[in-house]
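Take a look at the structure set out below.
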Amino acid sequence: MIRLKAFSYFEPASLKEASEILTQHKGEAYPLAGGTDLLVRMKREAIRPAALVNLKRIRELNGIQSEKDGGMRIGALTTIADIENSTVVHTSHPVLAQAAGVLGAQPLRNLATIGGNIGRASPASDMAPSLMVLQARVATEGASGPGEREIDKVFAGPGSTTLSDGEIMTAFYFPAMAPATGAAYLKMGRRSGGGDCALVGVAALLTLGSGEARAVRIAMSSVGPTPRRANKAEAVILSGTITEERMRDAARVAAEEAAPITDMRCSASYRKEIIKVLTFRALQEANQKAQGGQAT
Amino acid sequence: MKISIDIHVNGEQYPAEVEPRTTLLEFLRGTLHLTGTKEGCGLGDCGTCIVLLDGKPVNSCLVLAVDANGRRVTTIEGLAEDGKLHPVQQSFIDNGAVQCGFCTPAMILTTKALLDKNPDPAEGEIKQALGGILCRCGSYQKILNSVQAVGKGERK
């Protein structure tokens, strides 16, 4: 039986208290959200926190709400299963539910949280690409008061974020999707239907206007040290009318600009092939959804 | 450091003092001696330690006992009522879905949670729900048959 090493445990009722405890421990204390990743790394002794600060009793970190302008707020401690099954998410930002539905297996999704998934800064995050194409903003609370940053500015490297000690992600804000916008998240794992770690994940978002893309965003995971945008591929889409050929070109460029590694899951060259296939398919799906006229 | 908790397991309150590092799985097996819940990998990959936490299946090896404080846990021991097996348990027996039995508690609990939400799930939904549990005997087809048999109205 794998036992956890001893640690001290805190269950603060407020953000202020949580932030203070985390600050006092200077990197030796870890915030506990769903635990599906943190406890695994502790059991494997990849990390050995002196203290865990359980954030679950802080009420304001929970829940999914629509905002007046068509946007949406998701509390950092909201579970992946709640996002997957939320009517609000399905109505206003369905790509997020699509991504949530392929993250790990269902029992894990009942525990795992969106804040934990982003805070872990895994290069293979299933949520990050969708947050990036939706241009999510991350609200934080810390010793220096409340803060906010773009999702693209959160990841610093594999397993590391730009958050300082004691800075806690509190919520994710999603601006409204423009009309005639479609988005998709596609993932390739070793098993079909999700459930395992992504070999590659690609999210694409397209806003259409008279046959051309008014806006396009493509983001990928498992293709480098952090989830990242495929800016060059986006430029290809924006260079003219949307045709199957242009989407294939963009997919090829996305594979070129990515820098995947070879690991126990698959080789770098195989990953490049998957990026090409998934980017093309994600663009196709986003295009079809955008043509449906609704923000899907 | 020990912390006082009060967990509701299979309809009964269990006040206890636990170390923060005790997982819900260790608490159930080691303290309450409810050994129907199995430990496989201990890392959230195999799913054999699944229990229902407030009615939802979760990997109990990845939940701290202190975190389950005040919540409702159902283990395989809590399904039979008045000596009568739960319809899902009966269906697993009737359809020969149990070989070594190690994954069976997790399979049955997850099935119960699925059927509580959706009494007649499609094959794809069943596979999605049970996708987090490994059966080393490879009895997947018979497990699927058992779930479908309950879904088709044999369930009371």
Side-chain angles (χ1 to χ4, degrees), chain A residues 1-11 29-46 48-57 77 79-82 84-85 100-113 116 189-197, chain B residues 1-5 18-26 29-30 38-71 106-107 109-111 113-114 117-118 124-134:
Chain A
M1 187 191 289
I2 312 173
R3 291 219 69 189
L4 291 162
K5 297 271 184 292
F7 51 83
S8 17
Y9 177 78
F10 299 91
E11 216 169 71
Y30 280 64
L32 170 66
T36 56
D37 200 284
L38 184 69
L39 298 185
V40 171
R41 279 189 300 154
M42 287 168 66
K43 286 185 176 189
R44 289 199 165 124
E45 296 190 57
R48 196 172 168 180
L52 291 191
V53 183
N54 191 351
L55 303 177
K56 285 201 201 68
R57 316 280 164 182
L77 268 272
T79 65
I80 301 300
D82 282 347
E84 178 190 2
N85 301 317
V102 296
L103 188 156
Q106 280 182 10
L108 220 71
R109 303 205 281 270
N110 286 331
L111 293 170
T113 66
R190 283 181 301 180
R191 299 164 67 183
S192 65
D196 61 349
C197 185
Chain B
M1 177 160 98
K2 286 216 173 188
I3 292 176
S4 300
I5 56 166
V18 295
E19 275 187 273
R21 65 173 177 148
T22 310
T23 61
L24 178 58
L25 173 65
E26 289 161 9
R29 289 181 58 86
K38 307 302 181 199
E39 175 168 39
C41 67
L43 298 168
D45 291 324
C46 75
T48 51
C49 67
I50 286 172
V51 299
L52 304 186
L53 187 60
D54 293 330
K56 291 178 187 170
V58 299
N59 304 70
S60 64
C61 72
L62 297 183
V63 177
L64 297 179
V66 285
D67 209 6
N69 188 16
R71 300 177 74 181
M107 290 284 188
L109 286 166
T110 309
T111 301
L114 171 68
K117 221 169 51 178
N118 177 1
E125 291 170 308
I126 300 171
K127 288 182 174 173
Q128 270 287 323
L130 298 180
I133 313 164
L134 301 181

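Convention: sequence-line order gives letters A, B, ...; per-chain numbering from 1. No experiment lies behind these values; they were computed from the predicted model shown.
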Residue pair A/L108, B/L62: steps toward the side chain to side chain contact (heavy atoms under 4.5 Å, CB included) verdict: CA-CA 9 Å; A/L108 220 71; B/L62 297 183; 3.9 Å; yes
Turns out that what part of B/I3 lies under 4.5 Å from chain A's heavy atoms comes down to side chain
Check: B/L64 and A/L39 side chains under 4.5 Å, non-hydrogen atoms: yes
Which bit of B/I50 comes within less than 4.5 Å of chain A, counting heavy atoms only: side chain, backbone, both or neither? side chain
Compare every heavy atom of A/I2 with every heavy atom of B/E26, then report the nearest pair and how far apart it is. OE2-O, 3.8 Å
Turns out that what part of A/L52 lies under 4.5 Å from chain B's heavy atoms comes down to side chain
Members of residues 52-59 of chain B whose heavy atoms come closer than 4.5 Å to chain A: B/K56, B/P57, B/V58, B/N59
Which atom of A/Y9 lies closest to which atom of B/P20, heavy atoms considered: CB-CB, 3.5 Å
Could you look at B/T22 and say if it's the side chain, the backbone, both or neither that has a heavy atom under 4.5 Å from chain A? both
Using a cut-off of under 4.5 Å on heavy-atom pairs, state which of A/K5, A/K43, A/R3, A/K56 scores highest against chain B. A/R3
State which residues pass salt bridge (charged side-chain N to carboxylate O under 4.0 Å, His left out) with B/K117; sequence neighbours excluded, sorted by chain then number. none
With only heavy atoms counted, which part of B/C61 is less than 4.5 Å from chain A, the side chain, the backbone, both or neither? both
Locate the shortest heavy-atom distance separating B/G131 from A/A105; write the atom from each residue and the value. C-CB, 4.4 Å
With sequence neighbours left out, write down each residue that passes side chain to side chain contact (heavy atoms under 4.5 Å, CB included) with B/L114, or none if nothing qualifies. B/P121, B/I126, B/A129
Just to verify, what does A/R57 make a salt bridge (charged side-chain N to carboxylate O under 4.0 Å, His left out) with, not counting sequence neighbours? A/E11, B/D67
